[in-house]
Amino acid sequence: MTRDIEQFAQLGIGEALTNALLEYGIGKPSPIQAEAIPYILEGRDVLAQSQTGTGKTLAYLLPLLQRIDPDKKESQVLVIAPTQELAMQIVREGEKYGEPLGVSTIGLIGGASAARQVEKLRHRPHLVVGTPGRLRELLSTRKLKLHEARTVVLDEADQIFQLGGADDIRALLKGSLRDRQLIFLSATLGPDVRALADREMRDPADVGIEPEQKLAKTTQHLYFVCEERDRIDILRRVVRHYNPQRAIVFVNQANTIAEVEAKLNHLGLAARTLYGDADKVTRATVLSQFRSGKFRLLVATDVAARGLDIPGLELVVHLDPATDSEHYVHRAGRTGRMGRKGLSVSIVTDRQEFIMRKFSRELETKIEPRTLYDGAVLTPAEAEERRSGAARRTPKKSAGTSPAGRSEAGASPAPQGGASDSDAASSARGESPQRSAAPGRTNPGKPAASAGRGSKGGKKQPNKDKGAPKWLKDKRSSQDPS
Ligand code: AMP
């Protein structure tokens, strides 16, 4: 570790900061840090493509904190972030690493009391971090003055645009010095970000991971197919199977989030929600409880969870598939951070399966199908093998009954979200044969293979032959002992 830290020194990071890094357990620069730090120390504009989890925050904070003159009572660096959480995270890092240098930090974040922020602004904190709306508001009321800001950073620039912050950014850049240093960081370099960079930057240094590698290499991407009504049940079994300490569950609609939370809690999976429009205190409380392990599943929308850094998050579940591959990148980017192993699991209906193939193609990443079968996670081929093996072992009497069919017969009908926890019940309600369209697969949700019902408790069903083809009636009468 001591040796590695010299690499930070070689990039130009001074002793006060390398000591602080060591203190916080950071020993070696990440690739983006190694690339970006020298340019930023030089004062060059930087356009960096990098997703969260790569160490991008310190890639700009360390050199910028070091370039701040703590003796001048001036706000010298402005960092703009799309969401309150990300802004707060940056404030926390700024405080941690600014303190040994005598650098003061302020967060100008929507949702918190503006009056207190204005009061603090009077002291001209060196590093200003904020969300676009609040910053613009304070700029327009002249509470915030940007004529001393030598550097402006847009963190997660693509998200700032997606969340409608383009006008705010225009106003903030207009209010800053003409020859300020500009640093843009973005997971994706879409047309908006590129246009802004072309217009505002001077000869920017391009910094970035390989463009095709938008997703962490250490994250595995899987998907499970089920019927719409079985989503929660599959989620439950995925959580049971992988047993993560913490996981984020993404939903697309904010108005379904409370229902999902209630269902998960009903199933005994401690869950809480992160709403985009919840007040700042509630959001901060939920996040700190999640970080400290007070509950296990954080149910969130894309907006609410963007840019979150939850150390050691092992699993991300897309309870609804992401709306496009960019959202997929942002969601999956919550796990597999800084070289750790991560898992991203999407739950889709068979009609949504094409979305997985599309993301896989667009992101040049394998997103592979899996099946839950008798409590195990199997590839489709393994599941097929198990199913045919089980069919071979099936006694003649119930020949034609798929394993799923048998389980189905044995399982009591579970409510949606399936309170029953037995593997038999599990395999019956969506895990084994989720892909009804594919040959050789059955669909327990839609028990088309209804032969299983015929063997229900061996009871005779009075009208069972009604409408059955002749060969089946003949077969049944030859088998029926009664
Ligand atoms: P970020 O990509 O900025 O969201 O950072 C992700 C996480 O990695 C944060 O918790 C950082 O504290 C941590 N981190 C940043 N740089 C390094 C590094 N060089 N080595 C190990 N961890 C780091």
Side-chain angles (χ1 to χ4, degrees), residues 1-14 17-38 40 46 48-66 77 79-100 105 107 127 129 153-160 183-188 207-209 213-219 246 248 287-288 290-292 305-314 316 329-342:
M1 190 100 142
T2 324
R3 269 258 173 97
D4 289 336
I5 201 78
E6 282 166 19
Q7 294 180 33
F8 272 113
Q10 282 158 10
L11 296 172
I13 298 300
L17 283 180
T18 52
N19 286 340
L21 285 165
L22 273 178
E23 196 180 312
Y24 292 114
I26 295 181
K28 191 177 162 189
S30 69
I32 181 155
Q33 291 163 354
E35 245 191 293
I37 288 172
I40 297 178
V46 169
Q49 184 178 23
S50 71
Q51 79 273 48
T52 54
T54 56
K56 69 175 170 68
T57 315
L58 289 183
Y60 65 82
L61 273 187
L62 296 174
L64 292 179
L65 288 169
Q66 190 163 297
V77 173
V79 180
I80 309 169
T83 60
Q84 299 174 8
E85 274 78 26
L86 181 60
M88 287 190 309
Q89 248 163 240
I90 300 166
V91 168
R92 277 201 295 273
E93 296 285 285
E95 286 171 346
K96 260 164 52 178
Y97 293 96
E99 205 229 286
T105 303
L127 170 65
V129 182
V153 180
L154 294 196
D155 198 341
E156 304 217 345
D158 51 351
Q159 294 311 315
I160 296 179
I183 300 168
F184 295 175
L185 299 104
S186 202
T188 48
V207 165
I209 44 174
Q213 192 54 53
K214 290 178 187 159
L215 292 161
K217 286 190 177 118
T218 47
T219 296
R246 272 184 279 285
I248 298 186
L287 278 176
S288 89
F290 187 51
R291 285 194 169 100
S292 65
R306 195 158 278 153
L308 281 186
D309 177 35
I310 309 288
L313 187 86
E314 300 149 73
V316 163
V329 169
H330 280 282
R331 288 174 169 193
R334 304 303 107 228
T335 182
R337 293 158 77 82
M338 294 309 299
R340 294 211 183 83
K341 268 175 80 174

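What you are looking at is a predicted structure, and each value in this text was computed from that prediction instead of being measured. Start at 1 and go down the list; that is how both ligands and their atoms are numbered.
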- [ ] With sequence neighbours left out, write down each residue that passes ring-ring contact (aromatic ring centres under 6.0 Å, His included) with Tyr97, or none if nothing qualifies.
- [x] Tyr24
Open item on the list: Between Thr335 and Ala332 (side chain of the first, backbone of the second, donor and acceptor by atom type, cut-off under 3.5 Å), is there such a pair?
Closed with: no
- [ ] List every atom of ligand 1 that sits less than 4.0 Å from any heavy atom of Thr57, numbering the atoms from 1 in the order shown and giving each element.
- [x] 1 (P), 3 (O), 4 (O)
- [ ] Examine Thr52 against ligand 1 and note whether any of their N/O atoms are separated by less than 3.5 Å.
- [x] no
- [ ] Please state which part of Ile26 comes within less than 4.0 Å of ligand 1, counting heavy atoms only: side chain, backbone, both or neither.
- [x] side chain
Task: Enumerated ligand 1 atoms positioned under 4.0 Å from heavy atoms of Gly53 - done: 1 (P), 2 (O), 4 (O), 6 (C)
TODO: For residues Pro100 and Ala20, report the shortest heavy-atom separation together with the two atoms involved.
DONE: CG-CB, 4.1 Å
Task: No-hydrogen, no-angle side-chain donor-acceptor test under 3.5 Å, Arg92 and Thr105 - done: no
Open item on the list: With a cutoff of 4.0 Å, is Ser30 in contact with ligand 1, counting heavy atoms of the residue only?
Closed with: yes
TODO: Name all residues meeting the side-chain hydrogen bond (donor to acceptor under 3.5 Å, both in side chains) criterion together with Ser186; count only those two or more places apart in sequence or in a different chain, and write none if there are none.
DONE: Asp158
TODO: Ignoring hydrogens and angles, tell me if any N or O in the side chain of Gln33 forms a donor-acceptor pair with the backbone of Gly55 under 3.5 Å.
DONE: yes
Task: Any N or O of Gln89 closer than 3.5 Å to N or O of ligand 1 - done: no
Task: Proximal atoms of ligand 1 relative to Lys28 (non-hydrogen, under 4.0 Å) - done: 18 (C), 19 (N), 20 (N)
- [ ] Number the atoms of ligand 1 from 1 as they appear, then name those within less than 4.0 Å of a heavy atom of Lys56, with their elements.
- [x] 1 (P), 2 (O), 3 (O)
Task: Minimal non-hydrogen separation, Lys56 against Leu185, with atom names - done: CB-CD2, 3.9 Å
- [ ] Using distance alone, decide if ligand 1 has a nitrogen or oxygen within less than 3.5 Å of any nitrogen or oxygen in Gln33.
- [x] yes
TODO: Within a distance under 4.0 Å of any heavy atom of Gly55, pick out the atoms of ligand 1 and give their elements.
DONE: 1 (P), 2 (O), 3 (O), 5 (O), 15 (C), 16 (N)
